[in-house]
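Worksheet for the structure shown next.
Because the structure is a prediction, the values reported are computed rather than measured. Residue numbers start from 1 in every chain, and the chains themselves are labelled A, B, ... in the order their sequence lines are given, proteins ahead of strands.
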Number of protein chains: 2
Amino acid sequence: MPLDRIDRRILERLQRDGRIANADLAEVVGLSASACLRRVRALEEAGIIDRYVALLDQSKIGRRMDIFVEISLKSQSNETLSAFEEAVARSTEIMECHLMAGDADYLLRIAAADPVDFERIHRDHLARLPGVSRMRTSFAIRAVSKNTAFPLPEAGPDLPQQAKAK
Amino acid sequence: MPLDRIDRRILERLQRDGRIANADLAEVVGLSASACLRRVRALEEAGIIDRYVALLDQSKIGRRMDIFVEISLKSQSNETLSAFEEAVARSTEIMECHLMAGDADYLLRIAAADPVDFERIHRDHLARLPGVSRMRTSFAIRAVSKNTAFPLPEAGPDLPQQAKAK
DNA sequence: TTTCCTTCGGCACACCGATACGCATGGCTG
DNA sequence: CAGCCATGCGTATCGGTGTGCCGAAGGAAA
């Protein structure tokens, strides 16, 4: 699905304010309310807009610490990886998990209240992950910036080009 | 601000669906619409709900790669740190930046379309960051999971305890 | 215990925005 | 040139939002 300039403007705005009223969004991007709504629906159905969420203030709910954990597995076999990933998916304390190229196999991000809370998470969640051979933990002192919005260059074609490519 | 069980249920829900209609949210958490709206407003004003956003599908907008960059600075002086952080804040390509304890000083996350796109970001954004002495780049092959929702244990007091603590 | 006071939820109503039409326009194709 | 498809606009209706008011529950003090 090709994105024209108006789509990008819609996405840019929704990435910053997911709850903006459709009427207001329409005005910002320069469309009528109905036309705007139709585009937003199309973006949702195409899966480009994955979902809408509320972001909480991490410190205000007592999760001040971000902790990164690099994990190496005992083997790279499919079963080992799958078992590990399924366990990760089941844990609500693991905020993020990436399969990595390079030194470690996985990189995890954990949000903990304090060192004691991290010990709980370590004991009840991390230590139970299957197939782990080595863990390296790094503490974040402070989050400098945290973005959920991807840049969508205003440049580029105004209209869908070669929309034929389905 | 103490959170009772209903607040936690509201937050849990809004973290998953930031656009749920207040009337529906009220039904889910077992309140009338007006009472529910008042609580949501209070959570917003307290800053516990930081903001609402639309999350895009990273692969569908052509940003398949997550890249982590560990950065060490030439010095730890206040000016060096500030200058670096200000430059980071200005870059829209840097999705995340943490001040770290341990080996490296900072950890950055970048979302790029492909290796060529990363080269552009490296050249136009990373290479221009001031005060950098060493950079170590790790590529993520695949994101196993990405959460924005913090766990909010249902357990705990139903009612605010010792609300005196202002 | 009684009374006051504060807090919080429910109810009802007025209004605003969302949504679903039908119609108009413009570009592309045969 | 005719027809089709995509896309935008305006309108009408319906449902949700948000406010004002009341009443219930709980705590404190006399």
Side-chain angles (χ1 to χ4, degrees), chain A residues 1-55 60-61 152 154 156-166, chain B residues 1-55 60-61 152 154 156-166:
Chain A
M1 177 176 177
L3 300 178
D4 67 16
R5 188 180 304 183
I6 294 181
D7 289 322
R8 286 195 295 265
R9 229 176 286 167
I10 289 175
L11 292 175
E12 197 185 325
R13 192 59 196 245
L14 284 177
Q15 284 192 100
R16 282 186 291 123
D17 178 7
R19 262 204 157 173
I20 185 173
N22 180 61
D24 298 340
L25 179 60
E27 199 186 347
V28 168
V29 303
L31 283 182
S32 72
S34 55
C36 181
L37 184 63
R38 216 175 317 161
R39 276 174 183 263
V40 172
R41 289 281 176 276
L43 291 166
E44 287 167 4
E45 258 145 52
I48 293 176
I49 297 177
D50 183 39
R51 60 191 201 274
Y52 300 91
V53 300
L55 298 181
K60 293 216 169 110
I61 56 166
L152 297 167
E154 263 294 329
D158 185 36
L159 286 174
Q161 52 185 351
Q162 262 62 288
K164 285 295 151 241
K166 207 209 113 203
Chain B
M1 177 176 177
L3 300 178
D4 66 15
R5 187 181 303 183
I6 294 182
D7 288 323
R8 285 194 295 265
R9 230 177 284 168
I10 289 175
L11 292 175
E12 196 185 326
R13 192 59 195 246
L14 283 177
Q15 284 193 99
R16 284 186 289 124
D17 179 7
R19 263 203 156 175
I20 186 173
N22 179 61
D24 297 341
L25 179 60
E27 200 186 347
V28 168
V29 303
L31 281 182
S32 72
S34 59
C36 180
L37 183 65
R38 260 191 303 256
R39 275 175 182 262
V40 172
R41 288 282 177 275
L43 291 166
E44 287 167 3
E45 259 146 51
I48 293 176
I49 297 177
D50 182 39
R51 60 190 201 274
Y52 300 91
V53 299
L55 297 182
K60 293 216 169 111
I61 56 166
L152 298 166
E154 264 295 328
D158 186 35
L159 287 174
Q161 52 184 354
Q162 260 63 291
K164 286 292 153 243
K166 207 213 109 197

From CG of A:D7 across to C1' of D:dA6 the rounded distance in Å is 13 Å
**Request:** Report yes if a side-chain nitrogen or oxygen of A:R38 is closer than 4.0 Å to either non-bridging phosphate oxygen (OP1 or OP2) of C:dA20; otherwise report no.
**Result:** no
To the nearest angstrom, the CG-C1' distance between B:L37 and D:dG18 comes to 6 Å
Whole-Å distance, A:D4 CG to D:dA6 P, equals 15 Å
Rounded to the nearest 0.5 angstrom, the CG-CZ distance for A:L25 and A:R19 is 15.0 Å
Contact check, residues 26-33 of chain A vs DNA chain C, heavy-atom distance under 4.0 Å, returns none
Of the listed C:dT19, D:dG8, C:dG9, the closest approach to the A:N22 side chain comes from C:dT19
So the salt bridge (Lys or Arg N to Asp or Glu O under 4.0 Å) pairs with at least one residue in residues 21-38 of chain B (sequence neighbours excluded) are none
Ranking A:C36 and A:R19 by the position along DNA chain D of their nearest nucleotide, the one closer to 5' is A:C36
Ion pair check, B:R9 and B:E12, cut-off under 4.0 Å = no
Those residues at least two apart in sequence (or on a different chain) that pass side chain to side chain contact (heavy atoms under 4.5 Å, CB included) with A:A35 are A:L31, A:S32
The side chain to side chain donor-acceptor pair (under 3.5 Å) partners of B:R16 (sequence neighbours excluded) come to none
What residues 45-54 of chain B contributes to the DNA chain C interface at heavy-atom separation below 4.0 Å is none
Sorted by chain and number, sequence neighbours left out, side chain to side chain donor-acceptor pair (under 3.5 Å) with B:R39 holds for B:D4, B:D7
Against the side chain of A:A23, the closest entry in D:dG8, C:dA18, D:dG16 is C:dA18
For B:Y52 and B:G18, the nearest pair of non-hydrogen atoms, with its separation, is CD2-O, 3.6 Å
Checking D:dG8, C:dA18, D:dT19 against the side chain of B:S34 (C-beta onward), the nearest is D:dT19
Output for pair (A:I61 CD1, B:Q15 CD), nearest 0.5 Å, gives 6.0 Å
B:R5 atom CZ is separated from C:dG9 atom P, nearest whole Å, by 14 Å
On a heavy-atom basis, the closest approach of A:I49 and B:A54 is CG2-CB, 4.3 Å
Taken in chain and number order and not counting sequence neighbours, the residues that satisfy side chain to side chain contact (heavy atoms under 4.5 Å, CB included) with B:A46 are B:M1, B:I48
Note: A:N22 and A:A33 closest approach over all heavy atoms is ND2-O, 3.0 Å
Just to be sure I understand the rule, does B:R41 reach a base, reach only the sugar-phosphate, or reach nothing, if contact means heavy atoms closer than 4.0 Å? sugar-phosphate
Overall bend of the helix from C:dT1-D:dA30 to C:dG30-D:dC1 (five pairs an end, 10° steps) is 30°
